[in-house]
**Q** 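Have a look at this one before I ask anything.
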Amino acid sequence: MIVRKSKGIYMVTITKSPNATEEAGYQFGLTLANESRIVGLYGDLVSGKTCFIKGAARALRVTTGVSSPTYSLVNVYSAPRSVTHIDAYRLKSPDELIRIGFEDYVASEGICFIEWADKVEALLPRNTTRIRFKTLSENEREITIEH
Ligand SMILES: Nc1ncnc2c1ncn2[C@@H]1O[C@H](COP(=O)(O)OP(=O)(O)O)[C@@H](O)[C@H]1O
Ligand SMILES: [Mg+2]
């Protein structure tokens with residue numbers, strides 16, 4: 001479903017399995033073909049953020065395994081382009097993100113996924129794509145993409 005709003009395009013989809021969420025991520029990843037972008041992912045624990053990124057990473061031809069960088073804070077993947085994956089959950093302050101080189105990721109070509117982006121909202125550039133995840137029931141997730 002595509003809903004047009006004054007500030008951009010919102011795509012809302014409801015998935016009914018982890019595979020469907022990964023597929024939604026894959027389809028989203030295909031739209032990133034020649035773009036450089038920060039992608040902020042919002043939503044509670046187990047709402048599907050990492051699952052979605054797995055699919056997007058596949059579309060970006062990432063060859064390394066994708067998992068939440070909960071302790072390392074950032075994963076850098078092997079892919080034809082620069083693909084990084086940040087988990088802001090454990091950050092004590094947005095400054096910590098600056099210290100791990102966030103401004104370089106923003107400035108460089110490539111795609112940077114950030115789980116728990118609400119923790120670093122003030123640091124996100126203007127053209128950040130935001131993806132919100134809502135757990136509707138045990139196996140249903142609502143995914144809203146704001147471009
Ligand atoms: N429709 C669905 N989409 C995504 N994950 C789902 C869905 N239904 C159940 N799940 C389960 O929810 C969990 C999502 O985990 P994950 O992607 O790591 O979430 P997050 O990164 O938001 O914490 C997985 O255990 C997955 O099997
Ligand atoms: Mg996660």
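Every number for a ligand or one of its atoms is a count from 1 in the order of the listing.
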**Q** Counting only heavy atoms, which portion of Glu115 has something under 4.0 Å from ligand 1: side chain, backbone, both, or neither?
**A** side chain
**Q** Answer yes or no for Ser47: is there a heavy-atom contact with ligand 1 below 4.0 Å?
**A** yes
**Q** Would you mind listing which atoms of ligand 1 come within a distance below 4.0 Å of any non-hydrogen atom of Asp44?
**A** 22 (O)
**Q** State whether the side chain of Thr64 and the backbone N or O of Ser78 hold a donor-acceptor pair below 3.5 Å, judged by distance alone.
**A** yes
**Q** Decide, counting backbone as well as side-chain atoms, whether Thr70 has an N, O or S atom less than 2.8 Å from the Mg ion (ligand 2).
**A** no
**Q** Can you see whether Ser82 engages Glu109 through a side-chain donor-acceptor pair at a distance of less than 3.5 angstrom?
**A** no
**Q** Measuring from Ile38:CD1 to Phe113:CZ, what's the distance to the nearest 0.5 Å?
**A** 10.5 Å
**Q** Tell me if the centroids of the rings in Phe28 and Phe52 come within less than 6.0 Å of each other.
**A** yes
**Q** In terms of hydrophobic clustering (I, L, V, M, F, W, Y; side-chain heavy atoms under 4.5 Å; direct or indirect links), are Val62 and Tyr105 co-clustered?
**A** no
**Q** Does any donor atom in the side chain of Glu140 or Ser137 lie under 3.5 Å from an acceptor atom in the other side chain?
**A** yes
**Q** For atom 19 (O) of ligand 1, what's the nearest protein heavy-atom neighbour? Residue, atom name and distance, please.
**A** Gly48 N, 3.1 Å
**Q** If we count only non-hydrogen protein atoms and require a distance under 4.0 Å, does atom 1 (N) of ligand 1 qualify as touching the protein?
**A** yes
**Q** Less than 4.0 Å from atom 24 (C) of ligand 1, is there any heavy atom belonging to the protein?
**A** no
**Q** If you measure from the Lys or Arg side-chain nitrogens to the Asp or Glu carboxylate oxygens, is any gap between Glu96 and Arg90 under 4.0 Å?
**A** no
**Q** Quick check on contacts: which atoms of ligand 1 are under 4.0 angstrom from a heavy atom of Ser17?
**A** 1 (N), 2 (C), 3 (N), 7 (C)
**Q** Between the candidates Glu140, Lys54, Lys49, Arg141, which shows the shortest non-hydrogen contact distance to atom 20 (P) of ligand 1?
**A** Lys49
**Q** Just to verify, which of Lys49, Glu115, Lys119, Glu121 counts as forming a side-chain hydrogen bond (donor to acceptor under 3.5 Å, both in side chains) with Tyr42?
**A** Glu121
**Q** For residues Arg132 and Thr144, is any side-chain donor paired with an opposing acceptor at under 3.5 Å?
**A** no
**Q** Establish whether Leu91 and Leu124 are linked, either directly or via other cluster members, by ILVMFWY side-chain heavy-atom contacts under 4.5 Å.
**A** yes
**Q** Just let me know how Ala20 lines up against ligand 1, side chain, backbone, both or neither, with a heavy-atom cut-off below 4.0 Å.
**A** neither
**Q** Name the closest protein heavy atom to atom 17 (O) of ligand 1, giving the residue it belongs to and the distance to 0.1 Å.
**A** Cys51 N, 2.9 Å
**Q** Would you mind running through ligand 1 and noting each atom that sits below 4.0 Å from a heavy atom of Leu45?
**A** 23 (O)
**Q** Suppose we measure from atom 27 (O) of ligand 1 to each protein heavy atom; which comes out shortest, and what is that distance?
**A** Pro18 CG, 3.3 Å
**Q** Taking the Mg ion (ligand 2) as the vertex, measure the angle between atom OE1 in Glu115 and atom OG1 in Thr50; round to 10°.
**A** 90°
**Q** Under 4.0 Å from ligand 1, counting heavy atoms only, is it the side chain of Leu41, its backbone, both or neither?
**A** neither
**Q** When you compare ligand 1 with Asn139, is there at least one nitrogen or oxygen pair between them that comes in under 3.5 angstrom?
**A** yes
**Q** Could you check atom 4 (C) of ligand 1 against the protein and tell me its nearest heavy-atom contact, residue, atom and distance included?
**A** Thr21 OG1, 3.2 Å
**Q** Ignoring hydrogens and geometry beyond distance, is a side-chain donor-acceptor pair present between Thr135 and Ser47 at under 3.5 Å?
**A** no
**Q** Applying the side chain to side chain contact (heavy atoms under 4.5 Å, CB included) test to Ile14, which of Arg141, Glu142, Lys134 qualifies?
**A** Glu142
**Q** Nearest to atom 18 (O) of ligand 1, what protein heavy atom do you find, and at what distance?
**A** Thr50 CB, 3.6 Å
**Q** With atoms numbered from 1 as shown, which atoms in ligand 1 lie under 4.0 angstrom from a non-hydrogen atom of Glu138?
**A** 8 (N), 9 (C)
**Q** What protein heavy atom sits nearest atom 14 (C) of ligand 1, and how far off is it?
**A** Val46 O, 3.5 Å
